[in-house]
Structures are given as structure tokens and as C-alpha cells.
Amino acid sequence: MPRRVPELVVDLLLVAVAAVWGASFLAAKELVSETGVASGVALRFVVAAIALGILCLMRRERMPRGRGLAIAALLGCSQAAIIGLETAGVHLTSATNAGLLISLALVFTPVLESVAARSWLPRTYFVAAVAAVVGVALLVSDGGLRTPNLGDALVIAAAVVRAVHVTASGHLTRGRHDSTLAVVFVQLVVCALASSAVAGADLPRAAAGLSASGWVDVLFLGLLCSVFAFVVQLWAVRRTSATRASILMGTEPVWALAVGVAIGGEAVGAPGLIGAALIIAASYAGQAIERRHRRSREAAQGGAVVGPISSARVSVDATAPTPSP
């Protein structure tokens with residue numbers, strides 16, 4: 001039974017997770033401007049894998065085997081695709097846009113989960129989805145209607161892949177008892193190997209030529225945004241409700257907007273601010289509608305169905321968190 005911790009402490013730690021995730025877009029943008037996309041992603045994952053590997057050794061975590069190892073490796077491949085698309089996208093668009101567009105995973109994930117569960121969402125959910133799409137159009141409009149640029153499109157693609165990843169994580173790991181930290185370690189190793197292979201000979205050159213601020217970005221992305229954030233959310237969601245955790249961690253796009261404007265000096269006009277508000281509001285509304293729909297379905301089936309609460313980065317079941325750092 002988890003030791004009793006003041007609710008305020010748990011809430012603050014979950015908001016801290018959302019804040020570092022929100023700041024990750026600006027850090028990634030700064031890093032890849034020095035290293036290139038593949039090398040930046042590889043450095044991030046290598047640092048994260050080493051750090052979490054040390055933590056697993058200290059805790060003597062048992063590594064998954066057989067089917068569990070195959071599932072972890074498969075999820076590692078999809079996680080690498082998410083971060084690769086996300087990082088390539090933020091390189092070509094603003095950190096503010098990337099942080100807001102990736103939150104569309106909050107809208108996409110319940111649709112995929114409802115398809116997998118063969119339980120279609122209510123019409124009000126799709127009203128929220130349309131509002132999110134309108135928000136995207138306003139965000140990328142620059143004061144006039146236009147199609148998303150390549151960077152925006154890559155981040156939207158990352159949101160779609162993240163929704164697939166979260167849904168697959170929930171279904172493939174449900175009922176398994178593999179160590180969560182060990183599963184995430186396998187995912188990070190797969191991500192590090194895949195991104196290092198893509199970077200190739202550019203990786204050692206990028207590491208050798210990286211500035212001090214570049215290394216700060218690498219450590220921030222690898223240690224705080226991956227290891228720290230995952231360990232904290234794993235600890236925290238076991239001490240609060242899944243609903244409360246998802247709401248607090250769902251503030252990530254708000255932090256992305258704040259960091260992009262206040263620290264990155266990125267400008268967002270009135271249409272963009274309206275679009276940002278629509279995306280965030282639609283994401284929260286959609287999440288609430290999906291939650292009510294799932295609970296009514298559980299009640300109708302006698303509580304037999306337990307589905308994950310989804311956020312932009314993590315699929316959380318109140319008793320058995322599923323990783324997506």
C-alpha cells in the first residue's frame with residue numbers, strides 16, 4: 001500500500017511533469033538546430049536509457065522475457081517513431097505550435113480505443129473533435145487560412161502515432177505483470193539503438209561539437225523529460241485518481257505555450273491564441289465525454305471493463321500505469 005502523501009505534493013509533482021514535458025518542445029528545437037534531428041533524438045535516448053538502466057540495476061528490476069520482451073520492443077519502435085516525428089516537426093515549426101498540436105492525441109486516442117472496444121463514442125465527442133480541428137486551422141493560420149506547413153503536419157502525424165501507441169500499450173500490456181520500469185527501459189534501449197542507427201556517423205560528430213547549452217538540452221530531455229517525468233508520474237498516479245492525474249498532466253500544452261512565448265520569444269497572434277484555447281478546451285471536453293461514456297459502459301457491464309485514461313504522453317490505469325514517456 002503506498003505511503004500516505006499530502007494531496008498537494010502529488011498534484012504539484014504531476015504539474016511539474018506537465019511543465020517539463022511542455023518545455024521539452026523548445027529544448028528539442030534548440031538541440032536539433034545544433035545536431036540535426038537524428039543525432040539530437042539519439043543523444044536524448046542514449047542518455048535516458050543509461051540513466052534508467054542504472055535505476056533498474058539499483059532497484060534490481062527483473063527484465064521482461066518472451067512475449068513481454070517482444071511487446072516492450074514493439075512499443076519501443078512506436079515510441080521512437082513518435083519522438084522522431086515530433087522532433088522533426090518542431091525543427092520546422094514553432095515550439096508553441098508543436099506543443100499544442102501534439103495534444104491532439106487526446107482527441108485521437110479515445111476514438112481508437114472505442115474502435116478497439118467496439119463501443120462508438122457519443123456524438124458530442126465528435127463536436128469536440130471538430131472544435132479541435134478548427135483550433136488547429138486557427139493556430140497555423142498566421143492571420144489567414146492556410147494548410148499546415150511540413151513541421152505542423154509532422155507533429156500532427158506524431159499525435160496520430162502516439163494515439164496508436166497509447167491504445168496498443170493499454171491492450172498489449174493489460175493483464176501482464178512485467179516491471180513497468182523494466183518495460184520502459186527496453187523501450188528506451190530500442191529507441192536509442194534505432195535513432196543511433198539513423199544518425200550513423202553524424203552522431204559522434206554531433207556529440208563532439210555540441211555546445212554547453214546543447215548538453216544542457218540533452219540532459220534536460222534525457223533525464224528530466226524522460227526518466228524523472230516517468231518515475232514521478234508512475235509514483236504519483238498510484239496516490240491519486242486516474243482522472244485527477246490525467247487533468248493535471250494534460251496541462252502540458254498550456255506549459256508549451258507559456259514556455260514558447262515567454263522563453264522562446266515566439267509570437268502568437270489573436271487567431272493563434274483563439275486556436276490554442278480551442279485545442280485545449282476541446283481536448284479536455286473530449287476527455288471528459290470519453291470518461292463518462294466509458295464509465296457508463298463499465299456500469300452496464302457490471303464493472304468488467306477497465307480502460308486507460310489517456311494523456312498526450314501517458315496511458316494511465318489507476319492501479320497499473322502503462323508507460324509512454
Side-chain angles (χ1 to χ4, degrees), residues 15 18-19 21-26 29 82 85-86 89-90 92-114 120-163 166 243-244 246-294 309-314:
V15 170
W21 278 341
S24 70
F25 298 96
L26 183 60
K29 187 174 182 67
I82 294 164
L85 287 167
E86 190 178 280
V90 77
L92 299 172
T93 189
S94 68
T96 302
N97 274 23
L100 290 163
L101 292 174
I102 196 66
S103 68
L104 290 174
L106 284 169
V107 177
F108 299 149
T109 303
V111 174
L112 291 177
E113 288 177 346
S114 71
W120 202 239
L121 290 162
R123 292 179 183 177
T124 49
Y125 182 86
F126 295 96
V127 173
V130 170
V133 172
V134 172
V136 170
L138 289 170
L139 181 66
V140 304
S141 67
D142 282 337
L145 291 179
R146 68 170 179 85
T147 57
N149 66 25
L150 179 58
D152 297 326
L154 287 171
V155 177
I156 293 171
V160 174
V161 178
R162 187 179 297 283
V166 169
T243 299
R244 193 178 186 90
S246 66
I247 290 172
L248 293 170
M249 288 190 290
T251 60
E252 177 189 351
V254 178
W255 290 104
L257 176 63
V259 170
V261 173
I263 299 177
E266 297 177 348
V268 181
L273 289 174
I274 295 171
L278 267 176
I279 292 172
I280 294 169
S283 296
Y284 274 102
Q287 204 174 18
I289 293 166
E290 183 274 340
R291 190 181 303 121
R292 288 194 299 270
H293 173 69
R294 175 164 37 81
I309 301 291
S310 302
S311 79
R313 300 227 180 199
V314 63

Restricting to side chain to side chain contact (heavy atoms under 4.5 Å, CB included), what partner residues turn up for [X], sequence neighbours left out?
X      : result
Ala159 : Ile102, Leu104, Ala105, Phe108
Ile263 : Leu26, Val259
Ile274 : Leu138
Ala258 : none

So which atom in [X] and which in [Y] form the shortest heavy-atom distance, rounded to 0.1 Å?
X      : Y      : value
Gly99  : Ala256 : CA-CB, 3.6 Å
Gly135 : Leu278 : CA-CB, 3.8 Å
Ala19  : Trp255 : CA-CG, 3.6 Å
Ala128 : Ala285 : CB-CB, 4.4 Å
Phe126 : Pro122 : CD1-O, 3.5 Å

- Task: Using atom types as modelled and distance alone, determine if a side-chain donor or acceptor of Lys29 lies under 3.5 Å from a backbone N or O of Val90.
- Result: yes
- Message: Between Asp152 (side chain only) and Asn149 (backbone N and O only), is there a donor and an acceptor less than 3.5 Å apart?
- Response: yes
- Verdict with supporting geometry, Val155 and Leu85, side chain to side chain contact (heavy atoms under 4.5 Å, CB included): CA-CA 6 Å; Val155 177; Leu85 287 167; over 6 Å; no
- Query: Roughly how far apart are Leu257 CG and Glu252 CD, rounded to 0.5 Å?
  - Reply: 12.5 Å
- Separation between OG1 (Thr93) and CD1 (Ile156), nearest 0.5 Å, reads 9.5 Å
